[in-house]
Amino acid sequence: MITIRLPDGSTRSFENPVTVAQVAANIGAGLMRAALAGRVDGQLVDLSTAIDRDVDLAIITDKDEEGLDIVRHSTAHLLAHAVKELFPEAQVTIGPVIENGFFYDFSYKRPFTPEDLELIEKRMAEISKKDFAVTREVMGRDEAVAYFKGLGEAYKAEIIESIPASETLSLYRQGEFVDLCRGPHVPSTGKLKVFKLTHVAGAYWRGDSKNEMLTRVYGTAWTKKEDQEAYLFRLEEAEKRDHRRLGKQLDLFHIQDEAPGMVFWHPKGWALWQAVEQYMRQVYRDNGYQEIRCPQILDRSLWEKSGHWENFQKNMFTTESESRDFAIKPMNCPGHVQVFNQGIRSYRELPIRYGEFGSCHRNEPSGSLHGVMRVRGFTQDDGHIFCTEDQIQSEVLSFIQLLQKVYKDFGFEDIQYKLATRPQQRVGSDEIWDKAESALRNALESTGVAFAVLPGEGAFYGPKIEFHLRDSIGRTWQCGTIQADFSMPGRLGAEYVAEDNSKQVPVMLHRAILGSLERFIGILIEHYAGALPVWLAPVQAVVATITSNQVEYAEKLVNTLKEKGFRVNADLRNEKINYKIRAHSMDKVPYQIIVGDKEVSSHTVSVRGRGDKDLGVMTQEALFTLLQQES
RNA sequence: GCCCAUGUAGCUCAGUGGUAGAGCACUCCCUUGGUAAGGGAGAGGUCACCAGUUCAAUCCUGGUCAUGGGCUCCA
């Protein structure tokens with residue numbers, strides 16, 4: 001007698017071993033039709049899996065998250081199946097599930113084209129329609145290697161060879177197509193109805209840039225057509241808020257061929273930048289940082305000492321003068337250490353906190369550049385805290401609290417915390433690492449936030465905390481970081497006189513809240529879809545006249561507003577008010593101040609908020625208060 | 001850096017082996033209009049750059065640069 005317990009706590013008994021599918025059918029025909037896989041004692045299995053003992057069983061359907069993953073995984077197989085039918089010479093490699101879909105990498109004599117994609121997608125639909133059963137077979141490792149070699153699938157054979165010889169492997173067969181796979185899979189190809197191939201790209205075999213480039217086909221797959229449509233709609237919406245598109249549309253910045261990876265900030269973009277920078281400058285002032293400024297170009301010897309010349313020479317812009325080599329700084333810390341090194345430091349001065357809006361240049365690979373998000377010339381809200389080991393924890397704690405406040409002010413409430421611990425390659429004793437990691441960990445724990453640990457992801461000189469923020473459409477961006485560094489201060493000769501009159505090397509905490517200002521502004525633009533809050537908006541209000549009769553009144557009002565520190569423009573053009581309102585609405589200006597004869601005679605303004613909000617007629621004083629509140 | 005795609009007016013995009021097209025924006029004229037596009041006219045391009053094929057290249061071929069989607073990388 002086998003007793004099977006279902007998620008609702010009920011049980012069913014069977015005389016003989018049964019398959020998951022049979023249990024589903026036993027529960028109901030509807031469930032059987034919807035069933036994609038099962039979960040037996042927490043393990044995902046195929047519907048065909050036999051149960052010969054007492055277990056907990058859940059039937060996975062398209063309503064479960066796991067069901068969606070299984071559909072995507074099986075759709076990747078469907079893709080490979082179609083490719084093998086259309087291009088028999090193509091070799092299959094791997095095809096995992098990713099966020100919103102899947103991909104499959106192929107090796108073929110030429111890359112697939114968008115036209116190929118159409119053909120493949122069509123063939124996938126045909127195979128789905130034929131509703132092939134997807135069956136599982138088991139094979140020994142060596143047998144599997146021989147099998148795939150026999151099929152001419154060298155990559156698959158290579159993957160299997162890296163699996164221990166003792167393992168048994170599962171193969172999935174649908175029609176003529178067989179693939180190595182852990183599974184589980186949908187019971188038949190007919191379950192795969194909602195999918196779309198999206199694009200092709202190159203990808204290195206096994207993710208190593210020394211290896212050959214494969215053709216990767218990306219696709220999306222869903223259990224319901226509406227879900228896919230909603231996803232495609234979300235993609236379109238994301239495209240509309242792309243900072244490159246909005247940067248052009250709102251006249252914020254541009255990038256041109258002569259300066260790849262460097263940004264030309266236009267007046268409006270620079271106004272936004274300045275709003276961000278001035279805010280952060282105040283944050284420095286209010287939190288015990290001293291703002292400094294260091295040279296852009298420093299002698300090679302300094303970069304040799306810091307270790308950058310050795311590790312990152314290829315990625316540094318260099319220049320030469322009178323037989324001396326210089327590098328344009330790729331980071332600010334060596335400069336900050338030079339400032340620290342002037343004079344003799346006492347333990348009484350620590351912690352010393354330096355902040356800089358440091359302009360850095362890194363010669364990033366051309367293929368990695370991306371709008372203002374990944375550039376070669378960037379500016380960080382970079383700060384370095386020189387402190388003793390005992391001060392690390394309290395410094396980290398107050399930094400985290402500061403960062404939370406800053407993100408909140410910019411409109412980001414959802415932050416993810418990650419602690420990256422010691423990597424294989426590192427400097428410093430285990431004792432110091434223990435101390436540094438526990439200091440960061442304790443600081444995180446004392447704030448009460450949940451955090452993930454990324455083992456081995458720390459920098460070579462110390463552990464770090466990464467701060468990821470979630471934007472309004474659910475994407476996460478790593479912006480802030482704080483890193484404990486036990487290496488560079490010593491390499492660059494930083495020291496202080498301790499209480500016992502001994503010379504000690506300070507610990508340096510590298511920290512940034514926004515990270516690259518270029519990138520952070522890009523994130524702000526996308527987060528707000530260009531409709532920035534008043535305090536950040538390049539143009540906070542436009543005063544628009546109904547007719548030329550109000551020009552004088554409007555100009556005077558604009559001047560008054562400017563004197564009060566607001567960023568305001570006048571629109572005195574000989575155009576109808578509808579035309580003006582449309583233009584400024586598309587420019588996402590927070591407030592449009594309409595003045596006609598009525599307003600002139602009553603010394604008032606008619607205010608229209610962004611998003612067609614009619615705020616009615618108010619006095620000029622009420623307008624000042626309104627703007628003041630949001631600035 | 002690697003793979004693929006793309007590069008035409010300020011912007012968004014059509015198009016063709018034989019003197020280059022639209023909409024919006026811009027300039028001028030008419031219009032003075034009350035909450036998301038009034039009307040008319042005009043100006044605007046070495047079709048990314050460099051070679052090659054051709055009687056003729058924006059179009060075909062090759063190269064370079066840049067951008068986009070990925071991969072790799074990100075101190």
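Note that these values count all heavy atoms, side chains included, but never hydrogens, waters or copies made by symmetry.
Contact check on A:E364 versus A:R374 returns a salt bridge, with a Lys/Arg side-chain nitrogen under 4.0 Å from an Asp/Glu carboxylate oxygen. Salt-bridge annotation for A:K464 and A:E457: absent, with no side-chain N of the basic residue lying under 4.0 Å from a carboxylate O of the acidic one. At a threshold of 4.0 Å, the pair A:R300-A:E304 counts as salt-bridged, since one of the basic side-chain nitrogens sits closer than that to a carboxylate oxygen.
Map A:V607 and A:N549 each onto its nearest nucleotide of RNA chain B; the residue landing nearer the 5' end is A:N549. Residue A:F112 is the one, among A:F112 and A:A259, whose nearest nucleotide of RNA chain B lies closer to the 5' end (criterion: closest heavy atom).
Rounded to an integer number of Å, the gap from A:D612 CG to B:rU35 P is 11 Å. A straight line from CZ of A:R216 to P of B:rC2 spans 18 Å, rounded to a whole angstrom. The distance from atom CD1 of A:I593 to atom P of B:rU35 is 18 Å, rounded to the nearest whole Å. If you take CH2 of A:W205 and C1' of B:rC3, they are 17 Å apart, rounded to a whole angstrom. Atom CZ of A:F103 is separated from atom C1' of B:rG69 by 14 Å (rounded to the nearest Å).
The nucleotide B:rC2 finds its pairing partner in B:rG70, both defining distances of the Watson-Crick or G-U wobble pair being shorter than 3.5 Å. Look at B:rC49: its Watson-Crick or wobble partner, with both distances under 3.5 angstrom, is B:rG63. When both distances must be under 3.5 Å, the Watson-Crick or G-U wobble mate of B:rU16 does not exist. Across all strands shown, B:rG44 has no partner, as no Watson-Crick or G-U wobble contact with both distances under 3.5 Å is found. The partner of B:rU58 is absent, by the rule that a Watson-Crick or G-U pair needs both atom distances under 3.5 Å. If you check B:rA9 for Watson-Crick or wobble pairing at under 3.5 angstrom, you find it has no partner at all. Nucleotide B:rA25 has no partner under the Watson-Crick or G-U criteria, as no pair reaches both atom distances under 3.5 Å. With a cut-off of 3.5 Å on both Watson-Crick or G-U wobble distances, the partner of B:rG33 is given as none.
Residue contacts for A:T215: at a heavy-atom cut-off of 4.0 Å it reaches no nucleic acid atom on any strand shown. As judged by a 4.0 angstrom heavy-atom cut-off over every strand, A:R573 is placed among residues touching the sugar-phosphate backbone only. Within the nucleic acid shown, A:G307 has no heavy atom closer than 4.0 Å to any nucleic acid atom. At a threshold of 4.0 angstrom between heavy atoms, the contacts of A:A201 include nucleobase atoms, whether or not backbone atoms are also involved. Counting any heavy atom pair closer than 4.0 Å across all strands shown, A:T547 reaches a base atom. Residue A:Y579 is classed as a sugar-phosphate contact, given heavy-atom separations below 4.0 Å to backbone atoms only. Nucleic acid contact class of A:G515 (heavy atoms, under 4.0 Å, all strands): none. A:H370 comes within 4.0 angstrom of sugar-phosphate atoms only, judged by non-hydrogen atoms across all strands, and of no base. If you check every strand for non-hydrogen atoms under 4.0 Å, A:E239 touches nothing. Residue contacts for A:R608: at a heavy-atom cut-off of 4.0 Å it reaches a base atom on one of the strands shown. Within the nucleic acid shown, A:D597 comes within 4.0 Å of at least one base atom, counting heavy atoms only. Base contact: A:K598 has a heavy atom under 4.0 Å from a base atom.
If you take atom C1' in B:rC59 and the same atom in B:rG21, they sit 15 Å apart, rounded to whole Å. Only the P atoms considered, B:rA43 is 15 Å distant from B:rC28, to the nearest whole Å. B:rG42 and B:rA5: their C1' atoms are spaced 38 Å apart (whole Å). Annotation: B:rG52 and B:rC73 have their C1' atoms spaced 37 Å apart (nearest Å). Taking the P atom of each, B:rC60 and B:rG17 are spaced 9 Å apart, rounded to whole Å. Separating the C1' atom of B:rG18 from that of B:rG10 is a span of 30 Å, rounded to the nearest Å. B:rU12 and B:rA56 have their C1' atoms separated by 32 Å, given to the nearest Å.
Scanning atom types as modelled, no donor and acceptor separated by under 3.5 angstrom connect the side chain of A:S585 and the base of B:rU35. For A:E364 and B:rG1, a side-chain-to-base donor-acceptor distance below 3.5 Å is absent, hydrogens and geometry of angles not being considered. In the interface, the side chain of A:R374 is paired with the base of B:rC73 through a donor and an acceptor atom under 3.5 Å apart. Put simply, the side chain of A:Y204 and the base of B:rG1 share a donor and an acceptor less than 3.5 Å apart.
Listed nucleotides: B:rA36, B:rG33, B:rA75. Nearest to the side chain of A:I546: B:rG33. For A:P111, the listed nucleotide lying nearest its side chain is B:rC3; candidates were B:rC3, B:rC73, B:rG34. Residue A:R244 places its side chain closer to B:rG68 than to any other of B:rG70, B:rG68, B:rU32. Nearest to the side-chain atoms of A:V200 among the listed nucleotides B:rC74, B:rC4, B:rG34 stands B:rC4. Relative to the side chain of A:P365, the nucleotides B:rC26, B:rC73, B:rU32 differ in distance, and B:rC73 lies closest. Checking B:rG1, B:rC74, B:rC71 against the side-chain heavy atoms of A:Y218 singles out B:rC71 as nearest. For A:Y461, taking side-chain heavy atoms from C-beta onward, the closest of the listed nucleotides B:rA75, B:rC11, B:rA36 is B:rA75. In the set B:rU72, B:rU12, B:rA75, B:rU72 carries the atom at the smallest distance from any side-chain atom of A:S209. Candidate nucleotides B:rC2, B:rU72, B:rG34 were compared by shortest atom distance to the side chain of A:M213, and B:rC2 ranks first.
Residue-environment remark: NZ (A:K268) exceeds the threshold of 12 foreign heavy atoms within 6.0 Å. Within 6.0 Å of CD in A:E552 there are 12 or fewer heavy atoms belonging to other residues, nucleotides or ligands. The local environment of CD in A:Q256 is crowded, with over 12 non-hydrogen atoms from other residues, nucleotides or ligands closer than 6.0 Å.
Judged purely by atom type and a 3.5 angstrom limit, A:Y591 has no side-chain atom pairing as donor or acceptor with the backbone of A:V534.
Between A:H243 and A:L524 there is no side-chain heavy-atom pair separated by less than 4.5 Å.
Note on ring orientation: taking the six-membered ring where Trp is involved, the planes of A:H77 and A:Y104 are perpendicular (angle over 60°, cut-offs 30° and 60°).
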